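Before I ask anything, here is the structure I am working with.
Here the structure is a predicted model, which is why all the values come from computation and not from measurement. Below, each value reflects all heavy atoms present in this structure, side chains not excepted, and no hydrogens, waters or symmetry copies.
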Amino acid sequence: MRIDEQTARCFSHLRAPEFAAFLEYARAKRQAALEILAQVSEPEKIYRLQGEAGVWAEILSNVESAEALIAKLRRN
């Protein structure tokens with residue numbers, strides 16, 4: 001999915017101190033999915049957990065790189 005400038009700005013707002021608890025939650029959810037992933041052997045569960053961990057990682061990455069993304073979108 002393509003991110004527009006408005007969405008990138010939303011991600012940048014998530015870096016504010018009042019959202020620290022949410023970011024910690026997101027990190028914990030990703031870590032939990034990775035830990036469970038290391039223990040399961042059924043392909044369906046593996047795929048689901050890979051997807052879950054990937055989504056949380058993508059959200060965290062977008063929050064961390066929001067300013068750079070906004071700058072890139074403004075150049076285009």
* Asked: Looking at residues at least two apart in the chain, or sitting in another chain, which of them share a ring pair (Phe, Tyr, Trp, His ring centres under 6.0 Å) with Phe19?
  -> none

* **Atom pair CG/CZ of Leu60 and Phe22 - distance to nearest 0.5 Å** => 7.5 Å

* Is Arg9 salt-bridged to Glu5, going by a charged N under 4.0 Å from an acidic O? -> yes

* Tell me, do Glu52 and Lys29 make a side-chain contact under 4.5 Å, heavy atoms counted? -> yes

* Is Val63 linked to Tyr25 within one hydrophobic cluster, defined over Ile, Leu, Val, Met, Phe, Trp and Tyr using a side-chain heavy-atom separation of less than 4.5 Å? -> yes

* Asked: Between Ser12 and Glu67, what is the shortest heavy-atom contact and its length?
  -> CB-OE2, 3.6 Å

* Looking at Trp56 and Ala26, what are the two nearest heavy atoms and their distance? -> CE3-CB, 3.5 Å

* **Full working for side-chain contact (heavy atoms from CB on, under 4.5 Å) between Ile3 and Leu69** => CA-CA 9 Å; Ile3 296 177; Leu69 185 56; 3.7 Å; yes

* Between the side chains of Glu35 and Gln31, is a donor N or O closer than 3.5 angstrom to an acceptor N or O? -> yes

* Closest approach of Leu37 and Ile46, non-hydrogen atoms and distance? -> CD1-O, 3.6 Å

* Structure fact -> In this structure, CD1 of Ile59 is separated from CG of Leu23 (nearest 0.5 Å) by 10.0 Å

* Structure fact -> Ile70 and Ala8 have their tightest heavy-atom pair at CG1-CB, 3.6 Å

* Asked: What's the spacing between Glu58 CD and Arg30 CZ if we round to 0.5 Å?
  -> 12.0 Å

* **Counterpart residues, side chain to side chain donor-acceptor pair (under 3.5 Å), relative to Ser61 (two or more places apart)** => none

* Asked: More than 12 non-hydrogen atoms from neighbouring residues, nucleotides or ligands closer than 6.0 Å to CD on Gln50, yes or no?
  -> yes

* Determine whether more than 12 heavy atoms belonging to other residues, nucleotides or ligands lie under 6.0 Å from atom CD of Gln6. => no

* To do: Check salt bridge (Lys or Arg N to Asp or Glu O under 4.0 Å) between Lys45 and all other residues, then give those that pass, not counting sequence neighbours.
  => Glu42

